[in-house]
There are 2 protein chains.
Amino acid sequence: MRKGEETRGRILDVAEAAVLAKGFGATSIEELIVETGITKSGFFYHFRDKNQLAKALLTRYIEADERIYDDIFGRARELMDDPLQSFLLGLKLLAELLSDLPNGHPGCLVATSCYYERLFDREIQDINRQAVLRWRTRFRGMIQQIVEVYPPREPVDLDQLADMVSTVLEGGIVMSKALKEPDTLANQLLVLRAFMKLMFQPSPRA
Amino acid sequence: MRKGEETRGRILDVAEAAVLAKGFGATSIEELIVETGITKSGFFYHFRDKNQLAKALLTRYIEADERIYDDIFGRARELMDDPLQSFLLGLKLLAELLSDLPNGHPGCLVATSCYYERLFDREIQDINRQAVLRWRTRFRGMIQQIVEVYPPREPVDLDQLADMVSTVLEGGIVMSKALKEPDTLANQLLVLRAFMKLMFQPSPRA
DNA sequence: TTAAAACCATACCAACGGTACAGGAGATCA
DNA sequence: TGATCTCCTGTACCGTTGGTATGGTTTTAA
């Protein structure tokens, strides 16, 4: 039965847009079923309650997010052999992808979820935490490869340096949305790229 | 008539904690009046509706935020004459202040507000935008003074570099909350500090 | 003392999250 | 062909919430 999955996906699409635009607590099931074109009973057939919706929403978002990173940094690795150049290219490709979004980045569900601690149960909070830890692992792996070739020019913890990518992405999204300047996110990522270049690229005089 | 202001402040205290812990839409007026110890009528005496509460919350938060930055970077300026050293000291002082928060940073209302576009009117969105623009002006002023003495070692837009401070703060708060690691925010700020050092500090061989 | 400020009490409404239960259309399979 | 399962619709109901209204009372400052 494939049709159920499709309806479920449509509910999640509508819900994701609504949650990112007005918050989870302010998103009513009523508006979701109106916009999706189903009934309340139909909604509760797919999701036991609002909390299950949140969980499905978050896991789906995280999986899509991972696929994007796999794709971008996988391509960068194919195009560049040098780990530093590959990382810098990945950041550039990501910046391009982000600046090509027509209405700017719609927002990050991981970011919004961490502002709902008292609303969500431990399971959801843990899903969120694991997602951020996977980001850390991903970028630390790339940075470790860089460090093996290029020693960092300032003493820095590699986990913290890896987290910086996620930090700039999350912060950049907030800045872009608050300023209503879609470019800001991509630009902040490019500033991070310049920082990373400075951190690892050998000095021209060496 | 001072007592009114005090009650109003208490409502805002309770509301701020609630909004940061579960979102604006999920924060009920009912719980606010229970925790504040007033009646519903009392609440609506101070705030015409929930939107006015949001506006008051946000403006109060932004003003307190500005006072903190004035204080920290003002002290840093007193202690260090050199604009670069003063800036780096300010980042360090800010990191110390943030890591001294007992339960980690409670969250940024500016960040949450930008995830409520469809919930808030243009006025609130503009208050938010102006706040971020003031951050930009503040840090760009400091960076401009640095650039006059130390040329940047990578080509970079000064507005974007100034925004990086806010980006790392906002992103660091999200990371800290998602990971449930209070130190992460301060650590990310210190990584930014290392980046800034690399960007402006003359190379040791020069 | 007096008037404004700062509330309290009560009643009410529509909308929302959620529950419960009965049923029906359509595909799938024995 | 009949039975079963998936994927819904329809209806009815409950407690809570945001918000409005209205009238009254206590506290405070001039």
Side-chain angles (χ1 to χ4, degrees), chain A residues 1-58 60 112-113 115-121 123-124, chain B residues 1-58 60 112-113 115-121 123-124:
Chain A
M1 304 265 165
R2 206 43 124 339
K3 205 187 164 214
E5 286 302 311
E6 195 242 309
T7 305
R8 192 183 139 100
R10 257 170 45 230
I11 298 174
L12 287 174
D13 287 340
V14 173
E16 184 171 313
V19 168
L20 289 176
K22 48 201 278 193
F24 187 77
T27 298
S28 73
I29 295 179
E30 193 66 27
E31 67 174 302
L32 298 183
I33 67 176
V34 168
E35 211 167 331
T36 313
I38 57 168
T39 62
K40 208 170 190 178
S41 317
F43 175 88
F44 283 104
Y45 170 78
H46 289 286
F47 305 99
R48 205 183 323 127
D49 52 23
K50 226 185 164 191
N51 233 293
Q52 290 300 309
L53 171 69
K55 194 178 141 190
L57 218 47
L58 191 56
R60 192 185 75 145
T112 67
S113 297
Y115 275 105
Y116 300 143
E117 353 162 2
R118 234 190 275 170
L119 212 60
F120 293 156
D121 52 23
E123 194 189 355
I124 292 189
Chain B
M1 309 259 164
R2 201 45 119 341
K3 206 191 162 213
E5 285 302 310
E6 195 242 311
T7 305
R8 193 183 139 100
R10 256 170 45 231
I11 298 174
L12 288 174
D13 288 340
V14 173
E16 185 172 312
V19 168
L20 289 176
K22 48 201 277 191
F24 186 76
T27 298
S28 73
I29 295 179
E30 193 65 27
E31 66 173 301
L32 298 184
I33 66 177
V34 168
E35 210 167 332
T36 313
I38 58 168
T39 62
K40 208 169 191 176
S41 315
F43 175 88
F44 282 104
Y45 170 78
H46 288 286
F47 304 100
R48 204 182 324 126
D49 53 23
K50 226 185 163 191
N51 232 294
Q52 291 300 309
L53 171 69
K55 193 177 142 190
L57 262 182
L58 191 57
R60 193 184 74 145
T112 68
S113 297
Y115 276 104
Y116 300 143
E117 354 161 0
R118 234 190 276 170
L119 212 60
F120 294 156
D121 52 22
E123 193 189 357
I124 292 189

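All of these numbers come straight from a predicted model, not from anything done at the bench. Each chain gets a letter, A, B and so on, in the order the sequences are listed, and its residues count up from 1.
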*By nearest nucleotide on DNA chain C, pick out whichever of A/Ser28 and B/Gly37 is the more 5' one.*
B/Gly37
*asked:* Can you measure B/Phe44 atom CZ to D/dG24 atom P for me and round it to whole angstrom units?
replied: 22 Å
*Taking all atoms of both residues into account, what is the closest heavy-atom pair of B/Lys50 and B/Gly25, and its distance?*
NZ-O, 3.8 Å
*asked:* How close do B/Gly23 and B/Tyr116 get, counting heavy atoms only, and between which atoms?
replied: CA-OH, 3.1 Å
*Below 4.0 angstrom, N of the basic side chain to O of the carboxylate: do B/Asp49 and B/Lys55 qualify?*
no
*Tell me: CD of A/Glu6 to P of C/dA27, nearest whole Å?*
14 Å
*Establish whether the base of D/dG10 is bridged to the side chain of A/Ser41 by a donor-acceptor pair shorter than 3.5 Å.*
yes
*Would you please confirm or rule out a distance under 4.0 Å between OP1 or OP2 of D/dC8 and any side-chain N or O of A/His46?*
yes
*Begin from the C-alpha positions of B/Asp13 and B/Arg60 and carry the test side-chain contact (heavy atoms from CB on, under 4.5 Å) through to its verdict.*
CA-CA 10 Å; B/Asp13 288 340; B/Arg60 193 184 74 145; 2.9 Å; yes
_Does C/dA6 have its OP1 or OP2 closer than 4.0 Å to a side-chain nitrogen or oxygen of B/Tyr45?_
yes
*Reckon B/Thr7 has a side-chain N or O less than 4.0 Å from the OP1 or OP2 of C/dA6?*
no
*In whole Å, what is the span from the CD1 atom of A/Ile38 to the C1' atom of C/dA25?*
16 Å
*Listed in order of residue number, which residues of residues 47-57 of chain A have a non-hydrogen atom at under 4.0 Å from DNA chain C?*
A/Arg48, A/Lys50
*Between C/dA9 atom C1' and B/Phe43 atom CZ, what is the distance in whole Å?*
18 Å
*Would B/Glu30 and B/Ile33 satisfy side-chain contact (heavy atoms from CB on, under 4.5 Å), going step by step from the backbone distance to the final call?*
CA-CA 5 Å; B/Glu30 193 65 27; B/Ile33 66 177; 4.2 Å; yes
*Roughly, in whole Å, what's the span from CD1 in A/Ile29 to C1' in C/dT19?*
12 Å
*To the nearest angstrom, how far is B/Ile11 atom CD1 from C/dC7 atom C1'?*
10 Å
*asked:* Testing the basics here: between A/Arg8 and A/Ala56, what is the closest heavy-atom pair and its distance to 0.1 Å?
replied: NH2-CB, 3.6 Å
_Between A/Phe24 and A/Phe120 (judged by ring centroids, cut-off 6.0 Å), do the two rings come close enough to count as a pair?_
yes
*Below 3.5 Å, does any donor atom in the side chain of B/Lys40 face an acceptor in the base of D/dG19, or the other way round?*
yes
